[in-house]
Amino acid sequence: MSNSPAYSPQTIKAHTISIESLANYNIHSVRITWVDLINVISIRVVPLKSFHRLLASSRPGITIGKCVFGFVINRSAAGFGPVGEYLFVVDLSSVRLCSYAPGHVSIMGWFQDKVPAPGRILGTGVPMCPRSALNRIVNTAKSYNAAFLVGFETEFILLKSTNPIEAINPHGWNNTRALPSGTKETEVLEEIAHGLVNSGIELTMYHSEAAPGQYEIVTGPLPPLEAADALVHTRETITNVASKHGFHATFAPRLHMDTCGSAAHTHISVHPINSEHPSKLQNLSQSPADTSDNPITPLESVFLAGVLSHLQASCAFTLPLRASYARMLDGIWSGGTWVSWGRDNREAPVRLCVPAAVDPELATNAPSKNHFEVKCVDGTASPYLVLASLIGSGLLGIQSQAALVEQDCDTPAALMTEAEREAVGVNRRMPMSWEEARAALEADEALKGVLGGLVEGFLAAEETLDELLHAPANEAERVQMLVKYY
């Protein structure tokens, strides 16, 4: 991402549109949108007149069967059945123009109990709702005087054929030949860019990436819930614009072992809400001047300690498929295989991004401009589950004032000797497989406690998905199936 001026939660907000203004945009249809546990984006299209009738209700929404979180492609996961309904209540603050579908807007929402349920307050999100879980975690962090901003890098590959798999061009990283004037790929990227801007999403840049036909869209920071919503809209814009032009956009983690993979690098900054607010952890809200030996603030330190402590378990959400682990290897600049962090170290799963140096007199007592780039995330992961697990992990660190065991790695951990890794507190491997990540999550009682009741459903849905994705007999067919759904 670029070396931009400092953002803060107090100055950043989502640029959505109001229900009252829909007539100004000639809107005729509303796409009620949600994302399930396996990161499938789903919609129900409601004509505007019917949507306005829906809004007359005290809890405006649509009913959806409780199997929604366990219905995987064409099969129901264990623990999900045909009985029961949720009320999906629309979130009127989340309306965005769909540039790829003129006359349409999208709106997100909350899965709530349709009727009162024992032990739950009617009108609040159900435990299985990923968007509600993220919102709850972010709100809990506020009581610890901590707020967050999140931005995403979205990598994808444009395919002109899915059988056989064939990229739109062979060109690589930042190469002008990947965006030549007058070509279809340039037209697609420009239409995506204009569409995102017109829908109110801050587009900071786009460029070609290192694999054939691969591109990256970088969007600006927002509060976590709004950032996840914007990422869903970004992905929908990419896939729909590509389809309009006869191409297929895939976020699959790695199509071929001799080319780079596609990630969804997640940039998170943590901020004190009010340095004078008498929070539970007021002492962590101060922002001391950085030094070369200590580049992060106390609040950033405990947040990072929590993230790293639970990173192995978080990988079940951030790298949810077997295919995800083909990208997470040492030596290919994708974050490596050791639980670690480092300043501008692309071989660490968490990279500390620091701004360019400025006049020290101007920086005195200034708020931190740091942020963390989490590299062990790909586009098959639900952004709500990604952020719920990462911010939830950081919240655990803030609550316990956790000590940061791992030190700043200025060398890729894989190139260190065992003694050198021990000296900087790096002694845990990242999950090397889908099974290891699931086992780490099942063993992490603290993280499961933060996430609540969705973990069991997630594990069941992912197991069913894994069975379906690996049903084809050979690798080529499995890759084609992966590309079809992601």
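- Judged purely by atom type and a 3.5 angstrom limit, D378 has no side-chain atom pairing as donor or acceptor with the backbone of A263.
- Within 6.0 Å of atom CZ in R429, more than 12 heavy atoms from other residues, nucleotides or ligands are found, so the atom counts as buried in its surroundings.
- A salt bridge links R428 to E406: at least one charged side-chain nitrogen sits closer than 4.0 Å to a carboxylate oxygen.
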Practice task
Go through the steps to decide whether L311 and L390 satisfy the test side chain to side chain contact (heavy atoms under 4.5 Å, CB included), and finish with yes or no.
Solution key: CA-CA 8 Å; L311 191 57; L390 294 175; 4.2 Å; yes
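- When all heavy atoms are compared, the tightest approach of M416 to C409 is CE-SG, 4.0 Å.
- The two residues L451 and A133 have their closest heavy-atom pair at O-CB, 4.3 Å.
- Between the side chain of Q214 and the backbone N or O of A210 there is at least one donor-acceptor pair closer than 3.5 Å.
- Residues Q480 and T162 fail the side-chain proximity criterion, which asks for heavy atoms closer than 4.5 Å.
- For the pair R343 and D410, the salt-bridge criterion is not met [side-chain N within less than 4.0 Å of a carboxylate O].
- Among all heavy-atom pairs drawn from C129 and F69, the shortest one is CA-CZ, 4.0 Å.
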Exercise for the section: Take C376 and M430 through the test side chain to side chain contact (heavy atoms under 4.5 Å, CB included) and record every step on the way to the result. Expected result: CA-CA 9 Å; C376 52; M430 295 284 285; 3.8 Å; yes
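- No close placement of the Y206 and Y215 rings is indicated, their centers lying 6.0 Å or farther apart.
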Problem - Residue pair W341, F372: steps toward the ring-ring contact (aromatic ring centres under 6.0 Å, His included) verdict - result: CA-CA 9 Å; W341 69 279; F372 300 105; 7.2 Å; no
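- Under a 3.5 Å cut-off, the side chain of T140 and the backbone N or O of R136 do form a donor-acceptor pair.
- Closest approach of I217 and I192 over heavy atoms only: CD1-CG2, 4.0 Å.
- Summarising the geometry of V479 relative to L255, their closest heavy-atom pair is CG1-CD2, 4.2 Å, with the distance given to 0.1 Å.
- N39 contributes a side-chain N or O that, together with a main-chain N or O of G379, makes up a donor-acceptor pair within less than 3.5 Å.
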Problem - Pair I43-V45, side chain to side chain contact (heavy atoms under 4.5 Å, CB included): steps then yes or no - result: CA-CA 6 Å; I43 60 170; V45 183; 3.9 Å; yes
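- Within the 3.5 Å criterion, the main-chain N or O of V483 finds a donor-acceptor partner in the side chain of H248.
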Exercise for the section: Assess whether side-chain hydrogen bond (donor to acceptor under 3.5 Å, both in side chains) is satisfied between H171 and R177, documenting all intermediate values. Expected result: CA-CA 6 Å; H171 305 300; R177 293 184 180 275; 5.8 Å; no
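- Within the cation-pi definition used here (under 6.0 Å to the ring centroid, within 45° of the axis), R421 qualifies as a partner of W338.
- The two atoms that bring R96 and A230 nearest to each other are NH2-CB, 4.2 Å, heavy atoms only.
- For the pair R131 and W110, the cation sits on the ring face: its NZ or CZ lies under 6.0 Å from the ring centre, inside 45° of the axis.
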Exercise for the section: Output, in order, the C-alpha distance, side-chain angles, deciding distance and verdict of side-chain hydrogen bond (donor to acceptor under 3.5 Å, both in side chains) for T337 and D330. Expected result: CA-CA 6 Å; T337 66; D330 290 314; 2.8 Å; yes
Exercise for the section: Starting from the C-alpha separation in whole Å, work towards a yes-or-no answer on side-chain hydrogen bond (donor to acceptor under 3.5 Å, both in side chains) for T237 and T234. Expected result: CA-CA 5 Å; T237 302; T234 298; over 6 Å; no
Exercise for the section: Would you check, one step at a time, whether the test ring-ring contact (aromatic ring centres under 6.0 Å, His included) holds for F111 with F88? Expected result: CA-CA 4 Å; F111 283 93; F88 188 63; 4.5 Å; yes
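- A 4.5 Å side-chain heavy-atom check between T33 and I107 finds every atom pair outside the cut-off.
- Looking at T266, its side chain does come within 3.5 Å of a backbone N or O of A264 through a donor-acceptor pair.
- No more than 12 heavy atoms of other residues, nucleotides or ligands lie within 6.0 Å of CD in E456, so this atom counts as exposed by the packing criterion.
- For the salt bridge (charged side-chain N to carboxylate O under 4.0 Å, His left out) criterion with R322, the lone passing option out of E467, E475, E435 is E435.
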Problem - Audit row: H245, E191, side-chain hydrogen bond (donor to acceptor under 3.5 Å, both in side chains) steps and yes/no - result: CA-CA 10 Å; H245 291 273; E191 189 170 331; 2.8 Å; yes
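- Distance alone, capped at 3.5 Å, places no donor-acceptor pair between the T250 side chain and the I157 backbone.
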